[in-house]
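Notes for the one structure printed next.
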Amino acid sequence: MFSAAQQLNEQLIEIKCSIGAVSTSKEEHVTLIPQKLIKKADQTVYRAKEIQGTSFVIV
């Protein structure tokens with residue numbers, strides 16, 4: 001998906017990806033405030049970044 005590391009001005013640049021996804025039930029979906037859902041997804045991205053390498057977390 002991502003290309004290999006690239007050399008740029010004598011520095012090796014790597015592109016990595018972290019994904020945070022949040023699932024909800026039908027019942028939660030009705031009462032969930034969109035801002036809270038975005039906040040939860042944002043928190044899962046940071047959790048994914050804590051894991052070494054390209055990672056994903058689903059909450």
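Here, residue 1 is the first one in the sequence, and each next residue gets the next number.
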How many angstroms lie between NZ in K36 and OG1 in T31, if you round to the nearest 0.5 Å? 9.0 Å
List for me each residue that meets side-chain contact (heavy atoms from CB on, under 4.5 Å) alongside I38, sequence neighbours excluded, and say none if there are none. none
Measure the CD-CG distance between Q7 and L12 for me, rounded to the nearest 0.5 Å. 6.0 Å
Apart from V45 itself, what residues make up its hydrophobic cluster, given side-chain heavy atom links below 4.5 Å? none
Could I get the full list of side-chain contact (heavy atoms from CB on, under 4.5 Å) partners for I13, not counting sequence neighbours? L8, Q11
Residue set satisfying side-chain contact (heavy atoms from CB on, under 4.5 Å) with K39, at least two apart, ordered chain then number -> Q43
Under the rule for side-chain contact (heavy atoms from CB on, under 4.5 Å), what residues qualify as partners of S25, not counting sequence neighbours? E27, E28
